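Input: a single structure, listed below in structure tokens.
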Amino acid sequence: MEYNHRSIEQKWQQFWAENQTFKTAESTDKPKYYVLDMFPYPSGAGLHVGHPLGYIASDIFSRYKRLKGFNVLHPMGYDSFGLPAEQYAIQTGQHPAITTAANINRYREQLDNIGFSYDWSREVRTSNPDYYKWTQWIFMQLFNSWYNKDVDKAESIDTLIDKFNNSGSQGIHAESDEDTSVFSAADWKVFSEEEQQRELLKYRLAYLRESTVNWCAALGTVLANDEVINGVSERGGYPVEQKKMMQWSMRITAYADRLLSGLDSVDWPEPLVEMQRNWIGKSVGASVKFPLPQVNSEIEVFTTRVDTLFGVSFVVLAPEHELVEALSTDEQRSAVTAYIEKTAKKSELDRMADTKTVSGVFTGSYAKHPITGEEVQIWIADYVLAGYGTGAVMAVPSGDQRDYVFAKHFNLPIIPISDSQNIEEQADPNKEGRYINSDFINGMTYQEAVPALVAKLEALKLGKAKVNFRMRDAIFGRQRYWGEPVPVYFKNGIPYLIEEKELPLLLPEVDKYLPTETGEPPLGRAEGWKYQDQYEYELSTMPGWAGSSWYWFRYMDSQNQDIFVSKQAVDYWKAVDLYIGGSEHATGHLLYSRFWNKVLKDLGFHQEEEPFKKLINQGMIQGRSNFVYRVLDNEGKGTNQFVSLGLKDQYNTVPLHVDVNIVYNDVLDTERFKTFRPDFADAEFILENGKYICGTEVEKMSKSKFNVVNPDDIIETYGADTLRLYEMFLGPLEQAKPWNTNGIEGVYKFLRKVWRLFHDAQGNFNVSDEEPTKAEYKALHKIIKKVEDDIERFSFNTSVSAFMICVNELTELKCNKRQILQDLIIVLEPYAPHIAEELWALLGNEVGTISYAIYPTFNPEYLIESQFAYPVSINGKMKMNLPLALDLDAKAVEEIVISNADVQRYLDGKAVKKLIFVKGKIINIVI
RNA sequence: GCCUAGGUGGUGGAACUGGUAGACACGCAGGACUUAAAAUCCUGUUCCCGUUAAGGGAGUGCGGGUUCGAUUCCCGCCCUAGGUACCA
């Protein structure tokens with residue numbers, strides 16, 4: 001029988017499912033290993049050939065680890081709350097749960113076709129009440145916690161209440177809102193319930209506060225910062241505006257330092273680590289206050305260069321700064337108002353795009369320099385951003401290029417502050433010289449000046465050392481339907497948690513998935529949706545990232561009804577050892593997950609500071625579009641003639657996308673093309689060499705470009721094993737690459753060769769029990785070593801090539817030895833599990849047990865080179881085949897006499913200076 | 001602008017700590033088997049010179065450098081992709 005991928009693959013997929021071959025349990029006699037894929041959002045379009053890339057890699061790794069004797073946890077699930085299902089519901093009225101279930105079924109079918117070794121008994125779906133019960137429960141833990149800076153971790157809110165009861169707000173070092181009150185224990189005790197709750201809310205890790213949010217009117221919801229790309233929504237590309245709203249937020253900024261330092265302990269790709277570092281955006285500097293006696297206030301600025309304080313010649317406020325109104329003098333008021341109106345009209349995008357134009361306006365007021373007391377002008381300008389730092393900067397034109405340009409433009413003073421500065425053409429921020437024009441730090445170096453200044457400012461209570469972060473707290477509510485309800489109700493406008501035994505708080509039914517007439521979120525439509533029939537529930541739902549911020553815990557113990565993960569399970573599985581997914585989650589999911597992981601650790605639910613030890617980003621698979629060229633007539637209208645790529649320049653043509661599935665190796669199947677669209681039925685072709693060659697272009701994979709390739713189609717034609725091997729063969733895992741089916745035949749041929757090697761001409765399984773020869777062992781042990789090395793360093797593409805070489809060698813040797821095959825298929829199993837299982841069974845092993853086999857041990861003895869002639873170069877130049885049976889001693893090279901006549905001619909009487917050995921062989925003689 | 005990754009045949013790519021550059025595969029050309037096709041197998045395939053061959057020369061984005069020897073290390077530049085930005 002020929003290699004029949006259809007029957008083999010169907011048989012084993014069914015066997016694995018029926019026997020639960022990959023079901024995992026905690027085991028004490030094997031080390032554990034946790035391999036996780038980023039779970040997919042099940043979209044209506046199903047999987048295309050790009051999606052499984054990372055899943056195949058993780059499956060290969062999981063299967064390999066099993067063969068290496070590890071107890072492997074390799075689960076899969078669905079991130080099933082999200083916008084597309086809801087948008088579809090708005091259009092069609094179909095409940096998102098129905099759409100989602102259908103999409104999941106489709107995904108599952110497609111995943112099963114590829115032959116993954118997932119333990120499906122642990123599947124999670126974030127939209128299942130059994131699952132989101134615990135998402136809500138974790139929210140409650142966050143609501144019930146505060147961050148104690150004294151011990152640098154989150155604690156139960158009860159410990160804070162105790163402190164308030166004992167000593168009031170004194171001596172509390174917490175991450176909190178800015179506007180916390182100062183009170184004594186006695187004050188606290190007489191606070192009303194409402195006052196107490198309002199105060200506590202300022203400390204909770206999940207809190208409700210009036211915040212400036214990214215409001216997307218088109219989507220009818222707020223968005224987190226990572227969901228806004230270049231001023232438009234990540235999903236849909238709709239405009240986003242800044243708006244003040246009461247919103248749930250997560251105090252992720254409390255963890256900024258730990259999120260940053262934790263990056264040093266994980267094995268992640270450098271670009272990803274860098275992205276998170278930039279996102280967190282730590283800058284070390286000082287905050288400095290410029291007194292405003294005229295309004296009995298002060299302007300606080302943040303600076304990373306407090307040493308340049310005496311170079312300040314003016315102060316700049318963002319147009320949105322709260323003091324702008326009070327500081328505008330009557331003469332300047334109209335100019336200021338006009339400027340604010342002008343900047344307000346500019347969209348976020350315009351403001352970012354236009355960094356060249358210098359603009360700003362004088363407020364008419366002056367602030368006092370904190371040390372010299374001199375008056376400095378206060379300006380407003382849109383180069384200062386309201387959202388970063390304090391929304392105000394001290395301008396040092398000699399040291400900062402933006403300030404320099406601004407000062408030049410408006411003719412403001414530029415004060416040199418260092419004897420090493422050159423400020424003829426531009427600002428000079430160097431820290432090398434000694435200070436001048438700088439009061440008491442004159443003559444000091446940078447290292448001396450900074451602490452001196454900070455001490456002085458602290459003494460004056462006009463400044464202090466400060467660390468500033470770019471990262472903001474994460475907005476946690478969405479004004480949408482298809483998400484987790486927030487387990488909160490309101491009494492007198494104060495949020496309270498519902499009781500734990502009420503969980504899960506089920507998502508209620510609504511008549512429409514749109515906001516209410518009064519502009520409330522869709523949950524406002526739910527009838528009778530009140531806590532204990534009297535208190536209003538929170539109407540917004542949780543954001544998309546809620547369910548994905550803890551799901552790796554649930555896989556450890558997915559059926560547990562009492563807790564999100566049992567102590568026993570989490571003590572065994574600990575953290576994810578290998579996580580594979582796309583880099584697009586760098587500042588979203590991967591940051592939020594680390595945050596929740598740390599909170600849950602602080603609260604004592606597990607021990608791991610970081611959830612994902614090693615992370616690999618698989619590169620995106622792009623589409624590769626094919627084009628046909630339609631010939632245009634004299635009036636420029638399309639005719640029925642299509643000209644092949646190589647001849648198109650002789651005609652006036654227009655390119656048209658053509659379905660890549662009717663193109664093979666860029667040659668168009670002209671018959672199928674005629675049925676591609678009705679108006680192509682009588683198409684005529686101008687061929688080159690009897691073929692129609694299509695043009696190509698790399699684009700995003702999308703239906704409208706007819707370049708979507710469905711894995712099911714590939715599997716139908718070539719089989720899952722071929723798909724798995726080919727996706728790996730395509731190139732390095734981490735590299736982005738276009739999908740191109742052109743080379744797939746080579747991989748398919750390889751599998752057929754393996755099959756034929758162990759079958760006779762009649763197609764009967766045929767192995768020999770003879771002892772393998774040395775050459776056969778060599779071929780085998782080369783592949784054992786190579787695949788092991790490759791998998792350990794995630795270089796899957798080179799393994800596939802090595803397999804091909806191995807089988808070519810064995811075919812050459814006509815080797816069908818049982819002992820060779822037995823080990824060969826174990827090595828092959830991670831990549832092509834179906835054919836491996838089949839051959840394993842044919843060899844007479846217990847059916848379906850190859851996954852539990854032991855990876856063969858590499859024996860280096862088989863790889864020792866025999867002493868034949870090989871090329872040697874002299875001074876790295878000429879090469880010759882040296883029949884080297886010479887007994888050479890590298891220590892005494894000068895004594896060496898090389899008798900070979902050819903070599904002597906080249907040596908020309910010169911002494912040998914050095915012999916270069918590589919892997920025990922001489923490869924170069926230096927004379 | 002800054003950060004990160006990368007630039008190798010007609011194509012995808014290989015070369016792991018500096019050691020025969022182009023493995024493996026696709027494509028292409030020629031051939032075997034076949035009435036024919038499919039399938040399979042064999043040979044060739046970086047470029048230039050050389051009638052075939054033997055042989056020689058050039059060659060890993062560009063220009064230098066270190067080394068007996070550089071795709072690999074160093075310096076300067078060009079280009080591509082991803083991220084990020086008046087971040088004070």
Side-chain angles (χ1 to χ4, degrees), chain A residues 2 229-230 269-279 281-283 285 301-305 308 316 318 351-358 381-385 387-396 399-403 405-406 429 468-470 583-584 586-587 617 619-620 622 624 665-667 689 696 726 729-732 734-747 749-750 752-753 756 786 789-790 792-793 795 797-806 808 811 870-877 879 881 913-919 921-927:
Chain A
E2 264 290 296
I229 313 280
N230 292 329
E270 198 48 39
L272 199 80
V273 169
E274 221 28 55
M275 264 189 252
Q276 289 213 347
R277 282 205 187 105
N278 291 337
W279 186 262
K282 179 177 184 169
S283 30
V301 302
F302 174 77
T303 178
T304 52
R305 291 294 303 275
T308 64
V316 191
R351 208 164 143 177
M352 284 194 294
D354 180 20
T355 59
K356 294 267 149 48
T357 321
V358 181
D382 64 1
Y383 82 88
V384 177
L385 305 175
Y388 181 76
T390 58
V393 301
M394 60 179 220
V396 184
D400 182 288
Q401 187 57 26
R402 291 158 304 174
D403 299 342
V405 171
F406 196 82
N468 201 48
F469 291 97
R470 198 188 81 110
S583 60
E584 66 273 20
T587 52
N617 288 131
M620 218 209 350
Q622 299 139 305
R624 185 175 183 275
N665 286 324
D666 297 332
V667 176
N689 305 326
T696 64
Y726 187 60
F729 182 70
L730 219 45
E734 306 200 53
Q735 187 179 302
K737 54 214 166 244
W739 174 264
N740 180 348
T741 317
N742 288 358
I744 200 166
E745 287 283 348
V747 171
K749 251 185 238 175
F750 155 73
R752 280 185 301 193
K753 277 186 195 170
R756 271 207 316 272
K786 175 72 175 158
D789 290 351
D790 283 350
E792 297 281 355
R793 65 190 173 102
S795 174
N797 56 327
T798 49
S799 287
V800 182
S801 295
F803 278 125
M804 291 177 180
I805 296 170
C806 177
N808 286 345
T811 305
Y870 56 88
V872 171
S873 55
I874 293 174
N875 277 357
K877 283 270 158 59
K879 286 166 203 132
N881 280 346
K913 276 194 202 140
K914 205 173 165 190
L915 295 171
I916 313 293
F917 289 82
V918 172
K919 291 170 194 160
K921 293 202 303 188
I922 296 173
I923 60 131
N924 191 20
I925 299 171
V926 183
I927 54 173

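Everything quoted here is computed from the prediction, not taken from an experiment. Chain A is the first sequence line, chain B the second, and so forth, proteins listed ahead of strands; every chain is numbered from 1.
Rounding to whole angstrom units, CG of residue D382(A) and P of C86(B) are separated by 11 Å. Nucleotide C24(B) holds its P atom 11 Å from the CE atom of M804(A), rounded to whole Å. Counting to the nearest Å, the P atom of G82(B) and the CE atom of M275(A) are 12 Å from each other. The interatomic distance linking Y726(A) (OH) with C26(B) (C1') rounds to 8 Å, in whole Å. Atom CG in L272(A) sits roughly 12 Å away from atom P in U84(B) (whole-Å rounding). Distance M394(A) CE to C87(B) P: 15 Å, rounded to the nearest Å. The CD atom of Q622(A) sits 9 Å away from the C1' atom of A81(B) (whole-angstrom rounding).
Rounding to the nearest 0.5 Å gives a distance of 10.0 Å between CE of M804(A) and NZ of K749(A). Between atom CG of residue D666(A) and atom CG of residue N742(A) there is a gap of 5.0 Å, rounded to the nearest 0.5 Å. Atom NZ in K753(A) sits 11.5 Å away from atom SG in C806(A) (nearest 0.5 Å). Between the CG atom of D789(A) and the NZ atom of K786(A) there is a distance of 7.5 Å, given to the nearest 0.5 Å. Distance CG/D400(A) to CE/M394(A): 9.5 Å, rounded to 0.5 Å. Taking OG1 from T798(A) and CD1 from I805(A), the interatomic distance works out to 10.0 Å, rounded to the nearest 0.5 Å.
With P as the reference atom, G59(B) and U71(B) are 10 Å apart, rounded to whole Å. G22(B) and U46(B) have their C1' atoms separated by 7 Å, with the value rounded to a whole Å. Atom name P, nucleotides G61(B) and G7(B): the rounded distance is 7 Å, in whole Å. Rounded to the nearest Å, the gap between the P atom of A53(B) and that of G44(B) is 12 Å. Taking atom P in both U11(B) and U20(B), the straight-line distance is 24 Å, to the nearest Å. Comparing the same atom, P, in A85(B) and in U72(B) gives a spacing of 34 Å after rounding to whole Å. Spacing between G18(B) and G9(B) at atom P, rounded to whole Å, works out to 24 Å. The gap from the C1' atom of G56(B) to that of U4(B) amounts to 44 Å, rounded to the nearest Å.
In this structure, the side chains of W739(A) and L730(A) come closer than 4.5 Å at one or more pairs of heavy atoms. At a threshold of 4.5 Å between non-hydrogen side-chain atoms, the residues R277(A) and K282(A) do not count as touching.
Taking the six-membered ring for Trp and thresholds of 30 and 60 degrees, F750(A) and F803(A) have ring planes inclined between 30 and 60 degrees apart. Taking the six-membered ring where the residue is Trp, F406(A) and Y383(A) present tilted rings, their angle falling between 30° and 60°.
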If the sugar-phosphate is the primed atoms plus P, OP1 and OP2 and the base is the rest, what is the B/S/- string for nucleotides 9-16 of chain B, using protein heavy atoms under 4.0 Å?
-> ---BSSSS
Counting primed atoms, P, OP1 and OP2 as sugar-phosphate and everything else as base, the B/S/- map of nucleotides 36-44 of chain B against protein heavy atoms under 4.0 Å is ---SSS---
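Residue-level contact check: D666(A) touches neither bases nor backbone, having no heavy atom under 4.0 Å from any strand. When heavy atoms are screened at a 4.0 angstrom cut-off, D400(A) is found touching no nucleic acid atom at all. Residue-level contact check: E270(A) touches neither bases nor backbone, having no heavy atom under 4.0 Å from any strand.
When both distances must be under 3.5 Å, the Watson-Crick or G-U wobble mate of U11(B) is A25(B). The partner of A5(B) is U80(B), judged by Watson-Crick or G-U wobble contacts that both fall below 3.5 Å. Figure legend. G59(B) is base-paired to no nucleotide; pairs are counted as Watson-Crick or G-U wobble with both atom distances under 3.5 Å. Base-pair partner of G50(B): not found among the strands shown (Watson-Crick or G-U wobble, both distances under 3.5 Å). In this structure, U34(B) forms no base pair with any nucleotide, since neither Watson-Crick nor G-U wobble geometry is met with both distances under 3.5 Å. Figure legend. U72(B) is base-paired to no nucleotide; pairs are counted as Watson-Crick or G-U wobble with both atom distances under 3.5 Å.
Considering only side-chain N and O atoms, N278(A) lies nowhere under 4.0 angstrom from the phosphate OP1 or OP2 of C87(B). Between Y388(A) and A88(B) there is a side-chain polar atom (N or O) within less than 4.0 angstrom of OP1 or OP2. Note on R402(A): a side-chain N or O is less than 4.0 Å away from OP1 or OP2 of C87(B).
Residue T304(A) has its side chain nearest to A88(B) when only A88(B), C86(B), C24(B) are considered. When each of C87(B), A88(B), A23(B) is scored by its nearest atom to the side-chain atoms of R470(A), the top-ranked nucleotide is C87(B).
Without hydrogens or angle criteria, R305(A) side chain to P429(A) main chain gives a donor-acceptor distance under 3.5 Å.
Both V667(A) and R305(A) lie near RNA chain B, and the one whose nearest nucleotide falls closer to the 5' end is V667(A). Between G389(A) and I744(A), the residue anchored closer to the 5' end of RNA chain B is I744(A), taking for each the nucleotide with the nearest heavy atom.
Glycosidic conformation at G9(B) (O4'-C1'-N9-C4 for purines, O4'-C1'-N1-C2 for pyrimidines): syn, within 90° of 0.
The only member of I744(A), N797(A), V747(A) that meets side chain to side chain contact (heavy atoms under 4.5 Å, CB included) when paired with F729(A) is V747(A).
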